[in-house]
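Here's the structure we're looking at; comments come further down.
Below, chains carry the letters A, B, ... as their sequence lines are ordered, and counting in each starts from 1.
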Protein chains: 2
Amino acid sequence: MIAPELLEKYGVVKKSFDKNEIIFEEGIFPANYYQVLSGEVKMSNYNDEGREFIQGIFYKEQSFGEPPLFLNQKYPANAIAVDNSEILLLPKSNFMKLLEENPKISIKIIENLAQRLYYKSVMAAEISTQEPEHRVLKLIDHGIAYFNFKKDANGYLINFTRQQIGDLTGLRVETVIRTIKNLEKKGELKIINRKVYR
Amino acid sequence: MIAPELLEKYGVVKKSFDKNEIIFEEGIFPANYYQVLSGEVKMSNYNDEGREFIQGIFYKEQSFGEPPLFLNQKYPANAIAVDNSEILLLPKSNFMKLLEENPKISIKIIENLAQRLYYKSVMAAEISTQEPEHRVLKLIDHGIAYFNFKKDANGYLINFTRQQIGDLTGLRVETVIRTIKNLEKKGELKIINRKVYR
DNA sequence: TCGGTTTTATGATTTTAATCATAAAACAAG
DNA sequence: CTTGTTTTATGATTAAAATCATAAAACCGA
């Protein structure tokens, strides 16, 4: 996260996106730095049969889409507003100027990329070698630490749909539903009127 | 990659590792910045049944294991020398000092992390939604761009074993062998006395 | 060059999650 | 409130890759 006041000095623009509106598409070249001001954004891929894989979900104060910006490569995925969202956009050249003139921000960017790389490393290993129950639990436990899950009397409320969990773990909805039921039986989590708690 | 001369100014140490020797293990806290001087290093995970997932393979001049170093988190995977290798080690505090005093290096680190994040994004989507042939081809094409595959009269020599391809794509050896055979039939690649070319 | 190990190879069988089909419950919009 | 859509749910069937078994070829070290 870069302080909005600092971004303003470099000419940031605020833009609103409706629910389900595309922010940028796979295959195009990046032109901006993006940071969520309010709402929720997902980055995802669709394969030829239309099956979705969610790369990540981003909330207030989080930035997204930087890697291709630094590499001058095409976006490997789409960014879509999950809810009505306000996004800060900073043109690439201004962003680079900001970085040059504020070396401490570089460290923040590094930490942020490191965090995302860490998540991807963990989930990649899960997805390719672990069974559904393990994958789902790992995603949930990661989410408690890094997505904005709220704690209440029943524990942490996992505010993802079964479909989203599937798209984040490479599983089908039906498999996620059955897996979550099993995890409840084993006492690993609770289902209270269809909502998942841990 | 950070120039070895610069690393030396900050007290880098050269260490040799035998083939199959462990450089660091999953679960421990990072203490050093690592950069390959010669040889080959792989980072990988093992699940409870001993099945391996290779996070990445690193060659001459490449660094590895930075994310947990920046986050003060445990390593999510093991680093093992694939061949006899010489590795440069810089203690964390010295490395941080180097970064502070050389802002341009931060940009290099950012670009490097961005590159690795890009690879992980692409492969994560592949592994969770695509079929074996697609996964293997994507890995190979990525490898041509970023691993050190050499080109000769037959095309690029993919110097990975079938097992390694499997451990990088989440497939079993037998599946990789059959998949590669099919890809050859379709003319997507060549097999010349067991070696794969593209 | 001999013997052990790794890598590639192939066929048969099994397992597991995907797929298909269908529906109830919950939610959202008008 | 009604209606359309999304989400959760469950059972039956299928398909695809994993697993199991076995072996030849290649490579490596003493």
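Proximity of B/Lys181 to the phosphate of C/dT10: a side-chain N or O atom is located under 4.0 Å from OP1 or OP2. Taking side-chain N and O atoms only, A/Thr175 has a distance below 4.0 Å to OP1 or OP2 of C/dA18.
Of the candidates D/dT7, C/dT19, D/dA18, the closest approach to any side-chain atom of A/Thr161 belongs to D/dT7. Taking the side chain of A/Arg178 as heavy atoms from C-beta on, and the options D/dA17, C/dT10, D/dG11, the nearest nucleotide is D/dG11. Taking the side chain of B/Arg172 as heavy atoms from C-beta on, and the options D/dA21, D/dA18, C/dA21, the nearest nucleotide is D/dA18. Distance from the side chain of B/Arg162 is smallest for C/dT8 among the nucleotides C/dT10, D/dA17, C/dT8. Taking every side-chain heavy atom of B/Ile177 into account, C/dA9 is the closest of D/dA18, C/dA9, C/dT19. Side-chain proximity of A/Glu174 to the nucleotides D/dA18, C/dC20, D/dC20 is greatest for C/dC20.
Spacing between atom CZ of A/Arg135 and atom C1' of C/dA17 amounts to 9 Å, rounded to whole angstrom units. Atom-to-atom, CD1 of B/Ile191 to C1' of C/dT7 comes out at 13 Å; the value is rounded to the nearest Å. Between the C1' atom of C/dA9 and the CG atom of B/Asn182 lies a distance of 14 Å, rounded to the nearest Å. We find that CD of B/Glu52 is positioned 18 Å from C1' of D/dA18, with the value rounded to whole Å. A/Ile165 places its CD1 atom 11 Å from the P atom of D/dA9, with the value rounded to the nearest Å. One can place CG of B/Asp18 at 17 Å from P of D/dC28, the figure rounded to the nearest angstrom. Atoms CD (A/Glu126) and P (C/dA17) sit 14 Å apart, rounded to a whole Å. The distance between atom CG of B/Asn20 and atom C1' of D/dG29, rounded to the nearest whole Å, is 15 Å.
Projected onto DNA chain C by closest heavy-atom contact, A/Lys195 and A/Glu131 fall at different nucleotides, the more 5' of which corresponds to A/Glu131.
For the residue pair A/Asn102/A/Tyr10, the side-chain donor-acceptor check at 3.5 Å is satisfied. Side-chain contact, B/Glu52 with B/Tyr46: a donor N or O sits under 3.5 Å from an acceptor N or O.
One finds no salt bridge joining B/Glu126 and B/Arg135 here, because no Lys/Arg side-chain nitrogen approaches an Asp/Glu carboxylate oxygen to under 4.0 Å.
Listed by first and then second residue, the salt bridge (charged side-chain N to carboxylate O under 4.0 Å, His left out) pairs that reach into residues 147-172 of chain A come to none, sequence neighbours excluded.
If you check every strand for non-hydrogen atoms under 4.0 Å, A/Gly170 touches sugar and phosphate atoms only. When heavy atoms are screened at a 4.0 angstrom cut-off, B/Arg194 is found touching base atoms of the nucleic acid.
Note on ring orientation: taking the six-membered ring where Trp is involved, the planes of A/Tyr119 and A/Phe147 are perpendicular (angle over 60°, cut-offs 30° and 60°).
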